[in-house]
Amino acid sequence: MSKLGKFFKGGNSSKAKASPSPQEALARLRETEEMLGKKQEYLEARIQRELSLAKKHGTHNKRAALQALKRKKRFEKQLTQIDGTLSTIEFQREALENSHTNTEVLRNMGFAAKAMKAVHENMDINKIDDLMQEITEQQDIAQEISEAFSQRVGFADDFDEDELMAELEELEQEELNKKMKNVRLPNVPSSSLPAHPGRRREDEDDIKHLAAWAS
């Protein structure tokens, strides 16, 4: 059995230790991501340093240049491993965050369901039906009362409409006679109206012609 298998087997057998909470696990994963991020920066710096040494030694010290390139390859391999580890941790952290969210949602939904159940336990369907029927009856009574108030009162409606119209015409005639008495006609002028200037000139010409003919 491999060491990794023994590790997980031992972990499954030890039930005394309580499982960590999602918050604790997420905090640990974030710390690991931060640590590996710093490791990445260190390896990238070492890779650049070894590359510079290899260029510096060049052809005049091939052994030192080759050693620098070997170290560079090892650092690059470690950097690749860290990239894969970070990807795995990121995937695990996101999965744990989603699981924690789903757990909280489920817990809250269960809490709400229990609250609804407690509310409904205090309700009697028969009482609700009786209450709704009583409300409907009271609404019908209120409607009847409103309709009764809105109807016209029937007393004093037994007058003869013809007599009323005749009386109204008499009142209108009286008002018209009063208005006619108050109207004043304009006075007729006593003096005769002046003749038309054009007509008077024609008459004078006719008289002159007659006098000339008579002479």
Any donor-acceptor N/O pair, Asn61 side chain to His57 backbone, under 3.5 Å
no

Going through the checks in order, is the side chain to side chain contact (heavy atoms under 4.5 Å, CB included) test met by Thr32 and Leu36?
CA-CA 6 Å; Thr32 304; Leu36 292 177; 4.1 Å; yes

Residue set satisfying side chain to side chain contact (heavy atoms under 4.5 Å, CB included) with Ser21, at least two apart, ordered chain then number -> Gln23, Glu24

Starting from the C-alpha separation in whole Å, work towards a yes-or-no answer on side chain to side chain contact (heavy atoms under 4.5 Å, CB included) for Arg71 and Ile47.
CA-CA 8 Å; Arg71 290 191 298 270; Ile47 289 171; over 6 Å; no

Which pair of heavy atoms, one from Ala65 and one from Gly58, lies closest together, and at what distance?
CB-O, 3.8 Å

Side chain proximity check, Glu97 to His100, heavy atoms < 4.5 angstrom:
no

Modelled atom types, side-chain donor and acceptor of Gln173 and Asn177, under 3.5 Å
yes

Going by heavy atoms in the side chains, are Asp83 and Gln40 under 4.5 Å from each other?
yes

Side-chain contact, heavy-atom cut-off 4.5 Å: Met35 with Glu31?
no

Looking at Glu50 and Lys72, what are the two nearest heavy atoms and their distance?
CB-CB, 3.9 Å

Do other residues, nucleotides or ligands put more than 12 heavy atoms under 6.0 Å from Arg30 CZ?
yes

Please say whether more than 12 non-hydrogen atoms of neighbouring residues, nucleotides or ligands are located less than 6.0 Å from CD in Glu44.
yes

Report yes if the side chains of Asn102 and Leu106 come closer than 4.5 Å at any heavy-atom pair, otherwise no.
no

Once side chain to side chain contact (heavy atoms under 4.5 Å, CB included) is applied, do any residues pair with Ala25, and if so which ones, sequence neighbours excluded?
Leu96

